[in-house]
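A short worksheet on the structure shown next.
For this chain, numbers begin at 1 and follow the sequence in order.
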Amino acid sequence: MIKPIMNKNTPFKYHKLYFALLIAMVLIFFLGSIEVTSAQPVTVPRINIGIDEAQSPQEITSSLQILLLLTVLSIAPAILIMMTSFTRIIIVLSFIRNAIATQQTPPTQVLIGLALFLTFFIMTPVATDINENALQPFLNEEISQEVAFTNAMEPIRGFMLRQTREQDLALFVEIGNVNVQDGLEDVPNTVLIPAFIISELKTAFQIGFILFIPFLVIDMVVASTLMSMGMMMLPPAMISLPFKLLLFVMVDGWNIVIRSLVLGFR
């Protein structure tokens with residue numbers, strides 16, 4: 001005699017399991033009986049990258065212009081950092097944070113963002129000159145590419161020459177054996193750009209030294225006071241930090257520093 005699978009003595013949890021298995025079997029039988037409809041074919045686009053023979057000189061010129069544009073975009077960060085006011089600004093802002101000893105406050109992203117927007121503000125006259133005398137005439141096909149590049153470099157060279165020290169410029173002129181006869185107009189960009197960079201570094205370090213002096217005095221006063229009171233185990237930096245912040249806020253330090261940086265490029 002075959003015993004039934006479920007009886008009245010079977011626990012309730014086994015009733016639930018049996019019911020779930022029964023439903024699963026019904027669903028499998030029902031889904032298996034449904035005819036699978038044929039799926040519509042999906043077309044996938046194919047991308048071809050190749051080199052074809054140019055039919056006219058204009059096609060070669062367009063390809064070279066695209067290649068030149070991609071090259072400029074790849075070195076755009078270096079151009080922004082090394083040929084503008086960004087270098088001096090970011091170094092001075094880093095010196096401020098180190099002088100106050102606030103660790104990562106303000107964060108590095110905030111300092112870089114502030115330096116970028118200050119750079120845009122300072123370089124606006126140069127960018128306007130480039131747009132009016134080089135970019136727009138070139139887009140309107142009024143001047144050639146070589147003339148546009150020359151017109152674009154003139155305001156940038158003027159900006160860098162105003163900020164470059166004569167001794168730094170003379171250093172690279174001497175090292176490169178460059179013959180400068182008609183004055184600064186004959187200085188090539190390969191000489192002017194590195195001279196401008198080291199001049200900016202020197203100026204930024206001079207400003208950083210001046211910024212460190214008042215905060216260094218606070219550290220010395222706090223350290224001497226703690227030592228005279230016998231609190232040698234208490235870190236002086238922990239006590240001097242609130243006084244540094246108080247001094248920087250009371251004199252409106254951000255206003256003074258930013259004003260000095262911006263007016264230094266005028």
Side-chain angles (χ1 to χ4, degrees), residues 73-127 155-169 171-172 189 191-224 226 235-266:
L73 290 178
S74 63
I75 63 175
I79 296 175
L80 175 63
I81 292 174
M82 297 304 176
M83 298 176 61
T84 61
S85 59
F86 180 84
T87 302
R88 184 192 303 184
I89 295 173
I90 191 62
I91 292 176
V92 171
L93 295 180
S94 300
F95 271 127
I96 293 175
R97 185 173 66 180
N98 294 332
I100 303 177
T102 53
Q103 301 298 328
Q104 295 297 322
T105 304
T108 303
Q109 293 83 353
V110 175
L111 294 183
I112 294 177
L114 178 59
L116 283 174
F117 280 101
L118 288 177
T119 301
F120 295 153
F121 178 78
I122 294 171
M123 301 300 295
T124 296
V126 178
I156 298 178
R157 285 175 56 87
F159 171 81
M160 291 191 293
L161 285 171
R162 289 194 302 270
Q163 307 301 325
T164 305
R165 292 179 171 85
E166 294 183 1
Q167 57 183 0
D168 296 330
L169 191 60
L171 171 65
F172 286 95
N189 295 330
V191 172
L192 178 58
I193 293 175
F196 168 75
I197 293 173
I198 64 174
S199 296
E200 289 294 284
L201 291 176
K202 183 177 181 179
T203 304
F205 274 71
Q206 289 176 346
I207 299 175
F209 171 76
I210 297 174
L211 290 173
F212 258 95
I213 293 178
F215 301 110
L216 182 61
V217 171
I218 294 177
D219 286 333
M220 294 176 62
V221 171
V222 171
S224 300
L226 291 177
M238 183 182 301
I239 305 300
S240 62
L241 178 59
F243 292 99
K244 291 179 181 179
L245 294 176
L246 180 62
L247 173 65
F248 194 72
V249 172
M250 288 183 60
V251 300
D252 199 1
W254 290 113
N255 187 292
I256 296 175
V257 172
I258 299 304
R259 178 182 178 86
S260 301
L261 286 173
V262 174
L263 294 181
F265 290 98
R266 297 296 182 179

Hey, mind stepping through Trp254 and Val249 against side-chain contact (heavy atoms from CB on, under 4.5 Å) and telling me if it holds? CA-CA 8 Å; Trp254 290 113; Val249 172; over 6 Å; no
Apply side-chain contact (heavy atoms from CB on, under 4.5 Å) to the pair Phe248 and Ile96, showing each step before the final yes or no. CA-CA 10 Å; Phe248 194 72; Ile96 293 175; 4.0 Å; yes
Taking it one step at a time, do Arg165 and Thr203 satisfy side-chain contact (heavy atoms from CB on, under 4.5 Å)? CA-CA 10 Å; Arg165 292 179 171 85; Thr203 304; 3.1 Å; yes
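Ser85 and Ile122 make their closest contact through OG-CD1, 3.7 Å (heavy atoms, listed as atom of the first residue, atom of the second, distance). Scanning both residues, Phe86 and Ile112, for their nearest heavy atoms gives CE1-O, 4.1 Å. Counting all heavy atoms, side chain and backbone alike, Pro214 lies closest to Leu247 at CB-CD2, 4.3 Å. Shortest non-hydrogen contact noted between Phe196 and Gln163 is CE1-CB, 3.7 Å. Contact between Ile258 and Leu93 at its shortest, heavy atoms only, is CD1-CD2, 4.4 Å.
Separation of atoms CG (Leu111) and CG (Leu116) is listed at 11.0 Å; rounding is to 0.5 Å. The CG atom of Leu192 sits 11.0 Å away from atom CG of Asp168, with the distance rounded to the nearest 0.5 Å. Separation of atoms CD1 (Ile81) and OG1 (Thr87) is listed at 7.0 Å; rounding is to 0.5 Å. To the nearest 0.5 Å, the span separating CD1 on Ile89 from CG on Leu261 amounts to 6.0 Å. Rounded to the nearest 0.5 angstrom, Leu161 CG and Leu169 CG are separated by 7.0 Å. With rounding to the nearest 0.5 angstrom, the CD1 atom of Ile198 is 4.0 Å from the CZ atom of Phe172.
Between Phe159 and Phe265, the angle of the ring planes stays under 30°, which puts this pair in the parallel group of the 30/60° scheme.
Ser240 contributes no side-chain N or O that, together with a main-chain N or O of Ile218, makes up a donor-acceptor pair within less than 3.5 Å.
Remark: Thr108 pairs with Arg97 by the side-chain hydrogen bond (donor to acceptor under 3.5 Å, both in side chains) rule, at least two apart or across chains. With sequence neighbours excluded, the residues that form a salt bridge (charged side-chain N to carboxylate O under 4.0 Å, His left out) with Asp219 are Lys244.
Residues Phe95 and Phe209 are not in side-chain contact: their nearest non-hydrogen atoms beyond the backbone lie 4.5 Å or more apart. In this structure the side chain of Asn98 reaches within 4.5 angstrom of the side chain of Phe212, judged on heavy atoms. Looking at Lys202 and Gln167, their side chains come closer than 4.5 Å, going by heavy atoms from C-beta outward.
Partner of Ile197 under the side-chain contact (heavy atoms from CB on, under 4.5 Å) criterion, chosen from Met83, Met160, Met82: Met82.
Among residue pairs with one or both ends in residues 79-92, those qualifying as salt bridge (Lys or Arg N to Asp or Glu O under 4.0 Å) are Arg88-Glu200; sequence neighbours excluded.
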